[in-house]
Chemist: 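I have a structure here, written as structure tokens, and I will follow up with some questions on it.
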Amino acid sequence: MMHEDNDPSLSGGGGGSGPGSGSGAGNSLSAARSDPTSAGGGRARHRSAAAAAASAASSAAAASSLTGNTNTGSSTGLATSAGGGIATTTSTGFVSKLLLLLTLLLKIILYPLRKLSILIFPPGPYDGITSKSCSDKAARDFVATFRKYLSSSATASTADASSSSANPFSTEGYRTTVNEIVSSASSSSSSPLLLIYLHSSLHPDCAKFCETTLANPRLVAYLNQSSSAGGGGGGGDMIRCFGALTGSADGAHLAQTLGAAAYPFLCLVGVKSSSSGGSRSSSSSSNNSSNSRNNSNSSSIILEVKLKMQGRKLAILATDSLLAYLQTVVRQHDAAMAQENARRLQRQEEAMLRQEQDREYRETLEADRAREEARRAEQEREEAERRAKEEEELRAVEERENALAKAMSLVGDE
């Protein structure tokens with residue numbers, strides 16, 4: 001392998017001055033004369049180096065030209081894509097504004113037609129649960145159906161008509177009923193339960209259940225005494241009753257929410273309010289209770305199932321057994337409400353006690369602060385009096401010294 005540092009023809013070719021440089025050049029010349037073969041090889045190597053340098057320069061020029069063309073093409077592509085993006089954005093914004101304008105125009109044009117269609121075809125009890133009038137009409141339809149069974153049962157019975165002929169079920173819609181319960185619970189310490197009955201005219205067991213059990217004078221009297229909706233009595237607001245036909249919007253909604261699988265369907269639930277929205281339900285196999293959340297405007301309603309009966313077993317259930325179930329659940333609910341009220345009162349008392357302690361602590365701090373300020377003011381006053389007294393004594397001493405000095409000067413003059 002050949003190294004340039006060991007070549008005698010190149011070792012002395014530097015640009016330095018002095019005898020060393022001249023001798024190096026002389027040695028090179030002598031070596032060239034003495035060895036013509038090596039001189040020819042040196043010229044050949046020089047020509048090869050020159051050719052390689054020229055080739056490298058041409059390659060660099062070609063690469064520079066190619067790079068310039070590539071950069072120019074990239075810049076042109078970026079400018080083209082940017083222009084296309086701006087045009088696309090402008091066209092999209094124009095289309096969206098045009099669609100918005102068309103939507104507003106269609107709403108303005110179709111609004112009178114919608115009102116006219118409502119007047120010509122008024123909504124019925126099966127047209128949704130958001131309309132209060134439709135929901136109230138569905139509740140009244142169920143009450144009218146139940147009154148037929150109630151009148152026949154009251155006629156066949158020898159019980160007192162005043163306590164058994166009054167309708168215990170609400171004539172208002174489901175949302176209105178649960179909102180009234182929530183308002184009653186928030187304004188007082190009691191929270192009435194909601195008795196929900198779903199009636200299907202397609203199931204013969206429903207008619208039998210209404211005739212023999214639900215319209216029984218003893219059960220109706222108990223419900224009237226326990227409900228303020230029936231206006232029947234003095235037992236307190238413990239149960240509110242709501243019934244719905246399964247074909248109505250409220251009935252279908254409650255059947256889906258409460259998981260009704262057979263009819264007749266009877267359910268006793270506790271109603272609570274929650275600030276979180278949504279609609280979900282959870283069940284517990286230990287106490288057969290579940291929570292069902294139902295959207296109601298800004299807040300949600302929680303239904304806690306206390307008692308749930310349905311199907312053939314409910315249809316053949318005796319009135320006394322159903323009444324015993326209801327009374328047991330109501331007693332348990334009252335006991336739970338009493339415990340909750342006791343805990344709430346305890347929390348209120350603890351809060352009041354903490355407030356009283358905080359108030360006394362603040363008053364003590366204020367008294368201590370006032371005493372400290374009074375003591376500090378007294379110290380400052382005493383310090384000021386002491387300083388004034390010292391200054392007065394100093395002035396008196398100075399006056400005596402001045403008088404003595406004056407007297408001595410007068411004696412000296414004499």
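Just so you know, these numbers come straight off a predicted model, no measurement behind them.
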Chemist: Quick check for you: to the nearest 0.5 Å, what is the distance between L345 atom CG and R343 atom CZ?
Modeler: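 L345 CG to R343 CZ: 11.0 Å, rounded to 0.5 Å.
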
Chemist: Any heavy-atom pair between the side chains of L104 and L106 that's under 4.5 Å?
Modeler: no

Chemist: Report yes or no: does D136 contribute a side-chain atom to a donor-acceptor pair with the main-chain N or O of G173 at less than 3.5 Å?
Modeler: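 Side chain of D136 to backbone of G173: a pair is present.
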
Chemist: Please lay out, stage by stage, how F169 and F242 fare under the test ring-ring contact (aromatic ring centres under 6.0 Å, His included).
Modeler: CA-CA 5 Å; F169 289 93; F242 177 79; 8.4 Å; no

Chemist: Measure the OG-CZ distance between S170 and R240 for me, rounded to the nearest 0.5 Å.
Modeler: 8.5 Å

Chemist: Is there a side-chain contact between L245 and S200 in this structure, where contact means two heavy atoms from C-beta onward sitting under 4.5 Å apart?
Modeler: no

Chemist: One thing to verify: whether D358 and R354 come together as a salt bridge, which I'm taking to mean a side-chain N less than 4.0 angstrom from a carboxylate O.
Modeler: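 No.
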
Chemist: Looking at E399, E393, E392, which one forms a salt bridge (Lys or Arg N to Asp or Glu O under 4.0 Å) with R395?
Modeler: E392

Chemist: Would you say F142 and Y197 make side-chain contact, with heavy atoms under 4.5 Å?
Modeler: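 SC-SC contact between F142 and Y197 confirmed.
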
Chemist: Do R312 and D205 come within less than 4.5 Å of each other through their side chains, counting heavy atoms only?
Modeler: yes

Chemist: Check whether any side-chain heavy atom of V182 lies under 4.5 Å from a side-chain heavy atom of K272, and answer yes or no.
Modeler: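 No; the side chains remain at least 4.5 Å from each other.
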
Chemist: So, do K306 and H333 sit near enough that their side-chain heavy atoms are less than 4.5 Å apart?
Modeler: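 With C-beta onward as the side chain, the pair touches.
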
Chemist: Nearest 0.5 angstrom please: L198 CG to H203 NE2, how far?
Modeler: 11.5 Å

Chemist: Working to the nearest 0.5 angstrom, can you tell me the gap between K137 NZ and T171 OG1?
Modeler: 13.5 Å

Chemist: Using 0.5 Å steps for rounding, measure from the OG atom of S135 to the CZ atom of R140.
Modeler: 9.5 Å

Chemist: Can you tell whether the side chains of E366 and R369 come within less than 4.0 Å, N to carboxylate O?
Modeler: yes

Chemist: So, the side chain of T212 versus the backbone of K208: is there a donor-acceptor pair under 3.5 Å, distance only?
Modeler: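 Pair found, side chain donor or acceptor close to backbone of K208.
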
Chemist: Can you check side-chain contact (heavy atoms from CB on, under 4.5 Å) on R371 and R375, steps first, answer last?
Modeler: CA-CA 6 Å; R371 285 195 297 269; R375 185 181 64 81; over 6 Å; no

Chemist: Looking at T257 and H253, would you say the former's side chain and the latter's main chain have a donor-acceptor pair under 3.5 Å?
Modeler: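 Answer holds: yes.
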
Chemist: Could you tell me which non-hydrogen atom of L193 sits nearest to which non-hydrogen atom of G270, and how far apart they are?
Modeler: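 In terms of heavy atoms, the two residues are closest at CD2-CA, 3.8 Å.
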
Chemist: Answer yes or no: are there more than 12 heavy-atom neighbours, outside R387 itself, under 6.0 Å from its atom CZ?
Modeler: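 Atom CZ in R387 is not crowded, with 12 or fewer foreign heavy atoms closer than 6.0 Å.
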
Chemist: Hey, mind stepping through E401 and V397 against side-chain contact (heavy atoms from CB on, under 4.5 Å) and telling me if it holds?
Modeler: CA-CA 6 Å; E401 290 179 353; V397 171; 3.6 Å; yes

Chemist: So, for V220 and P168, which heavy atoms are closest and what is the spacing to 0.1 Å?
Modeler: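 Nearest pair, atom of V220 first, then P168: CG1-CD, 4.3 Å.
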
Chemist: Hey, is the main chain of L258 close enough, under 3.5 Å, to the side chain of K308 for a donor-acceptor pair?
Modeler: yes

Chemist: Heavy atoms only: give me the nearest T213-L219 pair and the separation to one decimal.
Modeler: O-CD2, 3.3 Å

Chemist: Please assess I239 against Y222 for the test side-chain contact (heavy atoms from CB on, under 4.5 Å), listing each intermediate value before the final yes or no.
Modeler: CA-CA 10 Å; I239 297 179; Y222 172 74; 4.1 Å; yes

Chemist: Rounded to the nearest 0.5 Å, how far apart are CG of L214 and CG of L266?
Modeler: 7.0 Å

Chemist: Without swapping roles, check the side chain of S226 against the backbone of L223 for a donor-acceptor pair under 3.5 Å.
Modeler: no

Chemist: Return yes when atom CD of Q256 has more than 12 non-hydrogen atoms of other residues, nucleotides or ligands closer than 6.0 Å, and no otherwise.
Modeler: no

Chemist: So E373 and R376, salt bridge (Lys or Arg N to Asp or Glu O under 4.0 Å) or not? Walk me through it.
Modeler: CA-CA 5 Å; E373 291 178 355; R376 189 179 300 110; 5.6 Å; no

Chemist: Hey, does F265 have a side-chain heavy atom less than 4.5 Å from the side chain of L314?
Modeler: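 With C-beta onward as the side chain, the pair stays apart.
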
Chemist: So, Q310 side chain and A262 main chain: donor-acceptor pair closer than 3.5 Å or not?
Modeler: yes

Chemist: With side chains defined as the heavy atoms from C-beta onward, is the minimum distance between Q355 and R359 less than 4.5 Å?
Modeler: no

Chemist: With a 4.0 Å cut-off, would you call K132 and E172 a salt bridge?
Modeler: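 E172 and K132: not salt-bridged.
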
Chemist: Can you check side-chain contact (heavy atoms from CB on, under 4.5 Å) on H199 and T246, steps first, answer last?
Modeler: CA-CA 6 Å; H199 182 82; T246 56; 6.0 Å; no

Chemist: Would you call D250 and R175 a salt bridge, taking side-chain N to carboxylate O under 4.0 Å as the test?
Modeler: no

Chemist: When you measure from the side chain of S321 to the backbone N and O of L317, does any donor-acceptor pair fall under 3.5 Å?
Modeler: no

Chemist: Is it true that R386 and E382 have a side-chain N and a carboxylate O under 4.0 angstrom from each other?
Modeler: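 Looking at E382 together with R386, the answer is no, because their closest N to O distance does not fall below 4.0 Å.
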
Chemist: If every non-hydrogen atom of S96 is compared with every non-hydrogen atom of G93, which pair is closest and at what distance?
Modeler: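 Shortest heavy-atom contact: OG-O, 2.7 Å.
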
